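We use all heavy atoms of the structure for the numbers below, so side chains are in, but hydrogens, waters and symmetry mates are not. Just so it is clear: chains get the letters A, B, ... in the order the sequence lines come, proteins before strands, and each one is counted from 1. This one's a predicted model, so the numbers in the text were calculated from it and none came from an experiment.
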Amino acid sequence: MLRQRVRSRSFPLARVGANAVVVIFALALAWGGTMLTLLALTVSPSTKHAMSG
Amino acid sequence: MMVLVARGLARLLALLLTTVLAVAGLVVAVFSVQGGSATLSLPGLVRTARLDDLHAAVGGLLADIQAGGATAKVAALTGAGAIVLGMLLLFGVLGRRRPRLVIIKADADGMIAARPRAVGQAAIALGERSRDVLHVKAKTRPRRRGSGARLRLTAYHAESTDRASATASSRSAVQGLAESLSLRVRVRGRVPRRAGRVS
C-alpha cells in the first residue's frame with residue numbers, strides 16, 4: 001500500500017521573511033497614499049511635515 | 001523518479017541563480033558608492049537611470065497636484081486607493097486565518113485531522129436517520145486553537161412534528177460523532193418554507 005507523506009507547513013523563516021517584505025511594502029504604500037492625498041487636499045505644509053516625520 | 005530528479009535539479013538551479021543574482025547586486029551596490037565618472041558610480045547611476053529627467057517630471061506633477069483641479073482629484077483618489085490597498089495587504093498578512101481542518105488529535109508524532117465538509121456530511125448522514133427529521137443542514141467551523149470544531153445543525157421537520165423532539169433526536173444522533181471529534185453542537189429546528197422542498 002502506498003502511503004503519501006504530505007508536507008502541510010512551509011519553512012517558518014521563509015514565511016516570516018516574505019511576510020516582513022509585504023508588511024514593509026504595505027506600510028510604504030499606505031504612507032505614500034497618505035502623503036499624496038494630503039498634497040491633493042492642499043493640507044498645510046506644517047501638518048504634512050508633522051505627519052511624514 | 002524522473003520528475004523528482006528534474007524537480008530537484010530545477011530547485012538547485014533556482015537557488016544558485018538567485019544567490020548569484022544577490023551577490024552580483026551586492027557587488028554593483030558596493031562599487032557604485034563612489035564619486036567620479038565611472039560606470040559604477042553615483043553620477044553614472046544618475047545618468048543611466050535618467051534621474052534628473054525623472055526629478056523634473058515628478059516636480060511638475062507635484063506642482064500640478066498642489067495647484068488643484070482634475071489632477072488633484074485623480075491624485076486624491078489614487079492616494080486613497082493606495083491607503084486601502086496597503087491596509088488590505090496588512091490585513092492579509094497579519095490577520096489570522098481560520099484553520100481549514102478539524103483537528104482530531106495532535107501530539108509530537110503528528111496530527112490527525114478531518115476536512116470540515118466531511119465532518120458536516122457525516123453529521124448530516126447521522127442527523128437524517130431520525131424519523132422526526134426531513135432534512136438536515138450542517139455548518140462546521142474548526143476552532144482556531146486546539147482540537148475540535150463548532151457544528152451547527154439545522155434540522156428541518158414537518159409542521160406536525162414537535163420542534164423540541166426533532167432537535168433532540170438530531171442532537172442525540174450526532175452525539176457519538178461530537179464526542180469523538182470534540183465538536184460543540186448547536187441544533188436548531190426549522191419547518192421548510194414549502195412542503196416537500198427543503199433544500
Side-chain angles (χ1 to χ4, degrees), chain A, chain B residues 1 3-4 7-8 11 14-15 18-19 22 25 58-97 99-106 108-116 142:
Chain A
M1 180 182 164
L2 273 175
R3 296 188 75 179
Q4 190 181 12
R5 184 166 289 199
V6 179
R7 187 189 174 91
S8 61
R9 287 180 186 170
S10 58
F11 185 51
L13 195 64
R15 200 174 49 193
V16 168
N19 284 355
V21 171
V22 177
V23 165
I24 290 168
F25 178 76
L27 287 175
L29 197 66
W31 185 83
T34 310
M35 291 302 116
L36 193 63
T37 310
L38 289 178
L39 188 70
L41 296 177
T42 58
V43 176
S44 69
S46 59
T47 312
K48 275 183 279 192
H49 284 304
M51 288 191 76
S52 63
Chain B
M1 188 66 189
V3 176
L4 277 177
R7 192 176 289 172
R11 282 187 180 176
L15 182 70
T18 47
T19 309
V58 171
L61 179 68
L62 291 179
D64 283 351
I65 292 171
Q66 227 166 359
T71 315
K73 283 178 188 170
V74 172
L77 282 176
T78 310
I83 294 169
V84 170
L85 189 62
M87 293 296 161
L88 198 69
L89 284 173
L90 283 177
F91 184 73
V93 172
L94 302 176
R96 294 197 66 179
R97 202 173 56 176
R100 290 173 294 177
L101 293 172
V102 179
I103 297 169
I104 299 166
K105 185 185 168 191
D109 295 331
M111 183 174 77
I112 301 173
R115 292 194 183 281

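Across B:Gln66 and A:Thr42, no two heavy atoms sit closer than the pair O-CG2, 3.6 Å. When every heavy atom of A:Ala26 is checked against every heavy atom of B:Leu90, the shortest pair comes out as CB-CG, 3.8 Å. Annotation for B:Ala82 and A:Gly33: closest pair CB-CA, 3.8 Å, computed over non-hydrogen atoms.
Residue with the most contacts toward chain A among B:Ala75, B:Ala80, B:Gly81: B:Ala75 (heavy-atom pairs, distance under 4.5 Å). Contact tally against chain B (heavy-atom pairs below 4.5 Å) for A:Leu29, A:Asn19, A:Leu38: the top residue is A:Leu29.
Of the two parts of B:Leu62, the backbone and the side chain both hold a non-hydrogen atom closer than 4.5 Å to a non-hydrogen atom of chain A.
Here the CG atom belonging to B:Asp64 is positioned 10.5 Å from the CG atom belonging to A:Leu39, to the nearest 0.5 angstrom. Separation of atoms CD1 (B:Ile83) and OG1 (A:Thr37) is listed at 4.0 Å; rounding is to 0.5 Å.
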